[in-house]
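Step one of this worksheet: look at the structure below.
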Amino acid sequence: MAEIEDIKAIKNHLQNEELKNIYLFYGPENYLKDLYVSRIRSRLDVDSMNCYYFGQDADIREIESICAATSMFGDKKLVVVSGSGMFKASTDPSFAETAQDSDTVVVFKEDEIDKRNKLYKKFCESGIVFNCKKQSPAEIKKVLAYEVKRAKRYISEFVLQYMVESIGDDISKLMNEVEKLILYVSEGEEIKKEHVDLICSMQYSPGLFDLNDALAAGNTEKAYKILRGLLEEKEPPVKIMAIISRMWLQMYNVKLLLSEGVSKAEIASCIGTKEFAVGKIAKQISNMSIEFIRKKIDLCEEMDMLVKSGLIKDYTALEILTIGQ
């Protein structure tokens, strides 16, 4: 069997099909790797006495001996190996044959692999291999929504999108934040944006996102009000200036690249952000000219120079950047 590429196919296999004896889950999305191991363990219904865990110092011969031994505490055994590096090194794949003829399921969780590796090829041939890629915002929101629903709480599409934008696209981190929100919000109640702002560990202060949105919309009154709030909360002015400057620079790059026919996915790669963020920026700049955005960048650079030269105070520069639409 070749490597499985469809996430629906791996979900269906783990839920409904007969389990294989050898699995390789690799890639950057650790949440998926842990989830699939959990599902395999649930299917096997093994107790802790029949579970063996190894890290980067795993010994292939020790794993082979576990596979060869008869279980004393049940019908099945589970071996989980994390970050071994065996799929990038010269590893004897013969142990896989022992695993296949045993009552043991061996699961490898790796960050990186080499597809020329003999062990990788053996797993593709006789077991299940799946690349746990970073998921799209749509898939991430489905995962979060499912957990919230399972906990008998409610959450809107808007709040889910807000969480992904302000916390990031690491599902494990997002799930930790969802767990905190579930503990904070009572059963049957709705998780709202203000709960996320209050409880969650954000990449930036939520007010900075609101400030960017207000500036992009040309709402100077709202932007100024948010700015005052950020300063009262002791948000460093230099940090606020940097975020505003970065926002206008991103807008300029997106506007320029879109005019050249570059796809949103390619733009995301070029400017180091996510595709959904490029889509949001594209909407914000739809009625802005490239010249208008360029003037905003020039103003940011001018204010930065004046502050560093001591000619104006940093909060004065921020007021000019906020009100000077």
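Summarising the local packing, CD of Glu221 is surrounded by 12 or fewer heavy atoms from other residues, nucleotides or ligands at distances under 6.0 Å. Applying the 6.0 Å contact sphere to OH of Tyr315 captures no more than 12 heavy atoms from other residues, nucleotides or ligands. Atom OH of Tyr53 has more than 12 neighbouring heavy atoms from other residues, nucleotides or ligands inside a 6.0 Å radius. For CZ of Arg116, the number of neighbouring non-hydrogen atoms (other residues, nucleotides, ligands) closer than 6.0 Å is 12 at most. For CD of Glu260, the number of neighbouring non-hydrogen atoms (other residues, nucleotides, ligands) closer than 6.0 Å is greater than 12. Within 6.0 Å of NZ in Lys149 there are 12 or fewer heavy atoms belonging to other residues, nucleotides or ligands. By the 6.0 Å contact criterion, NZ on Lys295 is open, its count of non-hydrogen atoms from other residues, nucleotides or ligands being 12 or less.
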Original post:
Can you list the steps and then say if Leu44 with Leu19 is a side-chain contact (heavy atoms from CB on, under 4.5 Å)?
Top reply: CA-CA 9 Å; Leu44 292 174; Leu19 292 177; 3.9 Å; yes
**OP:** Start with the C-alpha gap between Ile182 and Glu179, add the side-chain angles, then the distance that decides, and say whether side-chain contact (heavy atoms from CB on, under 4.5 Å) holds.
**Re:** CA-CA 5 Å; Ile182 288 170; Glu179 288 176 10; 5.6 Å; no
Subject >> Worked verdict on Glu302 versus Asp298 for side-chain contact (heavy atoms from CB on, under 4.5 Å) >> reply: CA-CA 6 Å; Glu302 181 185 354; Asp298 291 342; over 6 Å; no
**OP:** Carefully, step by step, assess Gln135 and Asp169 under the rule side chain to side chain donor-acceptor pair (under 3.5 Å).
**Re:** CA-CA 8 Å; Gln135 297 300 296; Asp169 62 353; over 6 Å; no
**OP:** Go through the steps to decide whether Arg228 and Glu319 satisfy the test salt bridge (charged side-chain N to carboxylate O under 4.0 Å, His left out), and finish with yes or no.
**Re:** CA-CA 9 Å; Arg228 300 311 307 172; Glu319 288 179 344; 3.3 Å; yes
**OP:** Show your reasoning for whether side-chain contact (heavy atoms from CB on, under 4.5 Å) applies to Ile155 and Leu144.
**Re:** CA-CA 9 Å; Ile155 191 166; Leu144 302 182; over 6 Å; no
Subject >> side chain to side chain donor-acceptor pair (under 3.5 Å) evaluation trace for Tyr120 with Glu110 >> reply: CA-CA 11 Å; Tyr120 168 81; Glu110 303 290 333; over 6 Å; no
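Side-chain atoms of Trp248 and Ile293, non-hydrogen and from C-beta on, do get closer than 4.5 Å to each other. Between Leu318 and Asp314 the shortest side-chain heavy-atom distance does not fall below 4.5 Å. At least one side-chain heavy atom of Lys109 sits less than 4.5 Å from a side-chain heavy atom of Val80. Put simply, the side chain of Arg294 does not reach to within 4.5 Å of the side chain of Lys255, judged on heavy atoms. At least one side-chain heavy atom of Lys77 sits under 4.5 Å from a side-chain heavy atom of Asp103. In this structure, the side chains of Lys280 and Lys283 stay at 4.5 Å or more apart for every pair of heavy atoms. Taking 4.5 Å as the limit, some side-chain heavy atom of Ile10 sits within range of a side-chain heavy atom of Ile7. Between Tyr26 and Glu112, the closest side-chain pair of non-hydrogen atoms is not below 4.5 Å.
Ionic pairing of Asp210 and Lys225 is not present here: no N-O contact between side-chain nitrogen and carboxylate oxygen is shorter than 4.0 angstrom. The pair Lys33-Asp111 meets the salt-bridge criterion, with a side-chain N (NZ, NE, NH1 or NH2) lying under 4.0 Å from an Asp/Glu carboxylate O. Glu147 and Arg153 are not joined by a salt bridge, as no carboxylate oxygen comes within less than 4.0 angstrom of a charged side-chain nitrogen. Ion pairing between a basic and an acidic side chain is recognised when a charged N comes within 4.0 Å of a carboxylate O; Asp45 and Lys76 show no such pairing. Taking 4.0 Å as the cut-off between side-chain N and carboxylate O, Asp6 and Lys8 do not count as a salt-bridged pair.
At distances below 3.5 Å, not a single donor-acceptor pair connects side-chain atoms of Ser38 with backbone N or O atoms of Asp34. A donor-acceptor distance shorter than 3.5 angstrom exists from the side chain of Arg43 to the backbone of Leu14, with no hydrogens or angles considered. At distances below 3.5 Å, at least one donor-acceptor pair connects side-chain atoms of Ser102 with backbone N or O atoms of Ala99.
With rounding to the nearest 0.5 Å, the separation of CZ in Phe54 from CG in Asp59 is 8.0 Å. The distance from the CE atom of Met247 to the CD1 atom of Ile297 is 9.5 Å, given to the nearest 0.5 Å. With rounding to the nearest 0.5 Å, the separation of CD1 in Ile267 from CG in Leu257 is 5.0 Å. With values rounded to the nearest 0.5 angstrom, Ile244 atom CD1 is found 5.0 Å from Leu211 atom CG. Note: Leu215 CG to Ile243 CD1 = 12.0 Å, rounded to the nearest 0.5 Å. Taking CD of Glu64 as the start and OG of Ser94 as the end, the distance is 5.5 Å to the nearest 0.5 Å.
In the hydrophobic cluster analysis, where Ile, Leu, Val, Met, Phe, Trp and Tyr join through side-chain heavy atoms closer than 4.5 angstrom, Met163 is grouped apart from Leu183. In this structure, Val278 is a member of the same hydrophobic cluster as Ile290, with clusters built from ILVMFWY side-chain heavy atoms closer than 4.5 Å. The hydrophobic cluster containing Met305 does not contain Val307, counting ILVMFWY residues as joined when their side-chain heavy atoms lie under 4.5 angstrom apart, directly or transitively. Linking ILVMFWY side-chain heavy atoms closer than 4.5 Å, directly or via other members, places Ile4 and Val37 in a single hydrophobic cluster. Residues Val148 and Tyr146 fall into different hydrophobic clusters, defined by Ile, Leu, Val, Met, Phe, Trp and Tyr side chains chained together at heavy-atom separations under 4.5 Å.
Residues Asn117 and Leu119 share a closest heavy-atom pair of OD1-N, 2.7 Å. Taking both residues in full, the closest heavy atoms of Ser172 and Glu29 are given as N-OE2, 4.4 Å, listed atom of the first, atom of the second, then distance. Of all non-hydrogen atoms in Ile22 and Ala96, the two that sit nearest each other are CD1-CB, 4.1 Å. Nearest heavy-atom pair, Glu187 versus Ala151, reported as atom, atom and distance to 0.1 Å: CG-O, 4.3 Å. Nearest heavy-atom pair across Thr104 and Asn21 is O-ND2, 2.8 Å. In this structure, Cys200 and Glu177 approach most closely via the heavy-atom pair CA-OE1, 3.1 Å.
Side-chain atoms of Glu139 and Ser136 form no donor-acceptor pair, as typed in the model, at a separation below 3.5 Å.
Put simply, the residue from Phe123, Phe130, Tyr31, Tyr36 that forms a ring-ring contact (aromatic ring centres under 6.0 Å, His included) with Phe25 is Tyr36.
In this pair, His13 and Tyr23 present their aromatic rings tilted. The plane angle is within the 30 to 60° band.
When ring centroids are compared, Phe87 and Phe108 come within the 6.0 Å threshold.
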